[in-house]
Engineer: 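The structure is given below, and queries will be raised subsequently.
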Amino acid sequence: MKKIIAMILAGTMALSMMACAAPAAAPAAEPAAEAAPAAEETAEEAPEASGFTTVADGVLTMGTNAYFPPYEYYEGEEIVGIDAEIAAAVAEKLGLTLKIEDMEFDSIIIAVQTGKVDMGLAGMTVTEERKENVNFSDTYATGVQVVIVKEDSDIASVDDLADKMIGVQLGTTGDIYCTGDFGEDHVDKYNKGNDAVMALVSGKVDAVVIDNEPAKSYVAANEGLKILETEYVTEEYAAAINKDNTALLDAINGALAELKADGTLDAIIGKYISAE
Ligand code: GLN
């Protein structure tokens with residue numbers, strides 16, 4: 001329950017932010033938007049002018065795990081999705097070229113901490129533990145941890161998971177919550193969400209706990225699965241940035257505020273997620 005309250009708090013903050021940014025685009029966006037026109041005027045020297053540095057000059061390097069549709073996934077050789085498009089829009093605002101590096105989800109925070117990437121953008125949930133290692137930008141989307149089971153499963157709610165085997169993606173909040181609530185012995189950890197779903201299909205696990213949007217993709221792609229209506233935890237997604245690079249954090253927040261205010265963010269999300 002503690003978790004849920006924390007998430008609700010985070011959600012309320014995000015909502016009030018969005019409430020500020022959305023209706024009155026021009027006045028509400030003023031404080032956050034101030035930095036950006038200045039950066040645009042001197043687009044060439046934007047990084048120096050705004051006081052932030054990036055891992056590679058003129059490049060915004062994003063670390064992600066590109067097996068998380070519709071936030072990031074491969075279309076041929078290219079990584080596309082909500083996060084990829086938001087990152088491209090942020091990079092453009094900052095006068096940078098976007099470079100995406102695909103890695104295990106579990107490695108993204110370390111890559112941010114060790115300066116391999118400028119930001120982790122991976123449908124990553126803001127958590128207190130992660131905040132000890134990285135800074136998070138303002139949130140840009142909400143996620144829900146849901147439970148996928150076989151259509152004929154006797155599991156009807158989160159409580160029914162108690163004596164079952166649950167498949168999760170290693171290092172995700174689904175992993176953290178299930179391990180905390182049901183114990184290590186009841187949780188099978190996979191490097192990719194899809195591998196956890198394959199384990200469910202083949203009967204190695206009884207359920208998979210994962211974020212709602214990828215869950216929808218996996219259920220659509222595999223016959224005989226369903227998502228339980230009862231939700232496990234609601235959470236907020238944000239970009240993870242190195243704690244020493246607060247100038248980059250400010251710049252990214254400034255860009256995100258502009259993208260929220262002018263409707264770009266909603267348009268990107270709407271392109272991939274249809275409102276129900
Ligand atoms: N939102 C989840 C987390 O942050 C899962 C993210 C992911 O698998 N890309 O842990």
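Values reported hereafter were calculated over all heavy atoms of this structure, with side chains retained and with hydrogens, waters and symmetry mates removed. Just follow the structure's listing: the first ligand is 1, and inside any ligand the first atom is 1.
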Engineer: Any side-chain to backbone donor/acceptor pair from Asp138 onto Ala257? Under 3.5 Å, distance only.
Structural biologist: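 Not confirmed, Asp138 side chain does not pair with Ala257 backbone.
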Engineer: Which residues pass the salt bridge (charged side-chain N to carboxylate O under 4.0 Å, His left out) test with Lys131, sequence neighbours left out?
Structural biologist: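 Lys131 satisfies salt bridge (charged side-chain N to carboxylate O under 4.0 Å, His left out) with Glu128 only.
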Engineer: How close does the nearest protein non-hydrogen atom get to atom 7 (C) of ligand 1, and which residue and atom is it?
Structural biologist: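 The protein heavy atom lying closest is Phe68 CE1, 3.3 Å.
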Engineer: Only heavy atoms count here, so choose which of Gln169, Met124, Glu72 is nearest to atom 8 (O) of ligand 1.
Structural biologist: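 Comparing heavy atoms across Gln169, Met124, Glu72, the nearest one to atom 8 (O) of ligand 1 lies in Gln169.
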Engineer: With a cutoff of 4.0 Å, is Gly193 in contact with ligand 1, counting heavy atoms of the residue only?
Structural biologist: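 No heavy atom of Gly193 comes that close to ligand 1.
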Engineer: Could you tell me which atoms of ligand 1, counted from 1 in the order shown, lie closer than 4.0 angstrom to a heavy atom of Asp211?
Structural biologist: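 Ligand 1 atoms under the 4.0 Å threshold to Asp211: 1 (N), 2 (C), 5 (C).
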Engineer: Does only the side chain of Thr172 get under 4.0 Å from ligand 1, or the backbone, or both, or neither? Count heavy atoms.
Structural biologist: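 Both backbone and side chain.
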Engineer: In ligand 1, which numbered atoms sit nearer than 4.0 Å to a non-hydrogen atom of Glu235?
Structural biologist: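 Result: 1 (N).
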Engineer: Start with the C-alpha distance between Asp181 and Tyr232, add both sets of side-chain angles, then the distance that settles side-chain hydrogen bond (donor to acceptor under 3.5 Å, both in side chains), and finish with yes or no.
Structural biologist: CA-CA 11 Å; Asp181 289 347; Tyr232 192 6; 2.6 Å; yes
Engineer: Could a heavy atom of Tyr67 be found less than 4.0 Å from some atom of ligand 1?
Structural biologist: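 Contact check Tyr67 vs ligand 1: negative.
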Engineer: Looking at Glu132 and Lys243, is any side-chain nitrogen of the basic one under 4.0 Å from a carboxylate oxygen of the acidic one?
Structural biologist: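 No, this pair does not count.
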Engineer: Which residues, ordered by chain and number, are linked to Met198 in its hydrophobic cluster, where ILVMFWY side chains connect at heavy-atom gaps below 4.5 Å, directly or through other members?
Structural biologist: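 Joined to Met198, directly or through intermediates: Val144, Val146, Ile148, Met165, Tyr190, Val197, Leu200, Val201, Val205, Val208, Ile210, Tyr218, Val219, Leu225, Ile227.
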Engineer: What atoms of ligand 1 come closer than 4.0 angstrom to any heavy atom of Tyr237?
Structural biologist: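 Answer for ligand 1: 1 (N).
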Engineer: Can you see whether Gln145 engages Glu231 through a side-chain donor-acceptor pair at a distance of less than 3.5 angstrom?
Structural biologist: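 Distance-only check fails for Gln145 and Glu231.
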Engineer: Any idea which atoms of ligand 1 are less than 4.0 Å away from a heavy-atom of Ala122?
Structural biologist: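 Those of ligand 1 that fall under 4.0 Å from Ala122 are 6 (C), 7 (C), 9 (N).
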Engineer: Thinking salt bridges, do Lys271 and Asp266 make one under a 4.0 Å N-O criterion?
Structural biologist: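 So Lys271 does not pair with Asp266 through a salt bridge.
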Engineer: Can you list the ligand 1 atoms lying under 4.0 Å from a non-hydrogen atom of Arg130?
Structural biologist: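 Those qualifying, in numeric order: 3 (C), 4 (O), 10 (O).
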Engineer: Return the residue, atom name and 0.1 Å-rounded distance of the protein heavy atom closest to atom 10 (O) of ligand 1.
Structural biologist: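 For atom 10 (O) of ligand 1, the nearest protein heavy atom is Thr173 N, 2.7 Å.
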Engineer: Mind checking whether Gly123 has an N or O less than 3.5 Å away from an N or O of ligand 1?
Structural biologist: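 Yes, at least one N or O pair falls under 3.5 Å.
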Engineer: Please check if any side-chain donor atom of Thr64 sits under 3.5 Å from a side-chain acceptor atom of Glu101, or the reverse.
Structural biologist: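 Thr64 vs Glu101: no donor-acceptor pair found between side chains.
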